[in-house]
Amino acid sequence: MVMSVDPLQRAPAILALLRQQLRTAGASPRGAKQVAGKPAQTSARKKSEQELEKKLVARIKFIKPDDPQRQKKAFTAYIEAAVLAELGSGLVNEAGFHDMIDTICAQMLAEPALAQDIATVADQLLATSR
């Protein structure tokens with residue numbers, strides 16, 4: 001079964017908060033560095049997103065069924081993939097990237113209004129990658 005990198009259609013509040021946090025942190029979207037007048041490399045972006053999707057599925061498959069942190073790990077893997085899709089996969093090698101992901105996830109997981117949406121997304125990710 002093919003899984004979209006963006007399974008948040010049922011949880012738009014999560015993605016909206018993520019984008020807000022990225023703007024607050026000063027991160028610029030991938031397209032912001034493009035030269036004016038040049039079209040986006042849609043095929044390259046699509047290929048990059050497909051690679052991110054494969055990595056996301058692989059990471060989620062390695063989460064053990066009896067792991068008490070399953071939902072949190074699946075959600076964190078998704079947030080990482082979403083940030084990389086938004087800002088570029090090269091960001092994964094930047095110093096502090098994983099700390100930024102941990103901070104974003106901790107803030108989102110601490111938000112009671114997002115708890116159900118996060119659980120839904122995590123469950124969907126875990127079910128889809130079996």
Side-chain angles (χ1 to χ4, degrees):
M1 174 180 279
V2 176
M3 181 178 72
S4 170
V5 175
D6 188 11
L8 293 179
Q9 293 173 354
R10 294 183 57 206
I14 294 171
L15 191 53
L17 181 58
L18 174 60
R19 286 189 173 131
Q20 176 186 3
Q21 289 177 339
L22 289 173
R23 282 192 302 271
T24 302
S28 60
R30 171 192 301 213
K33 294 182 181 178
Q34 291 180 353
V35 177
K38 294 208 176 191
Q41 298 292 335
T42 56
S43 64
R45 183 174 180 147
K46 189 168 207 135
K47 184 177 180 180
S48 175
E49 288 176 354
Q50 289 171 341
E51 287 299 314
L52 286 171
E53 179 180 330
K54 287 178 188 176
K55 289 177 183 178
L56 174 60
V57 170
R59 283 184 64 192
I60 292 173
K61 282 185 179 183
F62 281 107
I63 300 172
K64 297 185 183 203
D66 60 344
D67 187 332
Q69 297 290 314
R70 270 177 65 88
Q71 280 190 325
K72 181 180 178 185
K73 288 179 180 181
F75 181 70
T76 300
Y78 172 77
I79 293 299
E80 183 177 312
V83 169
L84 293 174
E86 185 79 18
L87 301 176
S89 60
L91 186 62
V92 75
N93 298 320
E94 295 292 324
F97 173 74
H98 295 288
D99 290 337
M100 178 183 74
I101 295 299
D102 290 343
T103 299
I104 289 170
C105 289
Q107 289 176 349
M108 294 174 87
L109 290 165
E111 184 62 45
L114 296 176
Q116 184 58 48
D117 289 338
I118 289 171
T120 299
V121 169
D123 289 343
Q124 181 181 2
L125 288 166
L126 291 163
T128 304
S129 62
R130 286 185 193 160

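On a predicted model such as this, the values are computed, not experimentally measured, just so you know. Reckoned from all heavy atoms, side chains included, excluding hydrogens, waters and symmetry mates.
- Taking CG of L114 as the start and CD of Q107 as the end, the distance is 11.5 Å to the nearest 0.5 Å.
- To the nearest 0.5 Å, atom OG1 of residue T128 and atom NZ of residue K61 are 11.0 Å apart.
- A pairwise comparison of heavy atoms in Y78 and L125 identifies CB-CD1, 3.5 Å as the closest pair.
- Annotation for F97 and L84: closest pair CZ-CD2, 3.6 Å, computed over non-hydrogen atoms.
- Contact record, M108 with I118: O-CD1, 3.5 Å, taken as the closest heavy-atom pair.
- Note that the CD1 atom of I79 and the CG atom of L56 stand 10.5 Å from one another [nearest 0.5 Å].
- Contact of the R59 side chain with the K73 side chain is not registered, since no non-hydrogen atoms from C-beta on lie closer than 4.5 Å.
- Taking CZ of F75 as the start and CD1 of I104 as the end, the distance is 9.5 Å to the nearest 0.5 Å.
- Rounded to the nearest 0.5 angstrom, T76 OG1 and H98 NE2 are separated by 11.5 Å.
- Heavy-atom minimum distance, M100 versus V83: CE-CG1, 3.9 Å.
- When every heavy atom of A122 is checked against every heavy atom of A74, the shortest pair comes out as O-CB, 4.2 Å.
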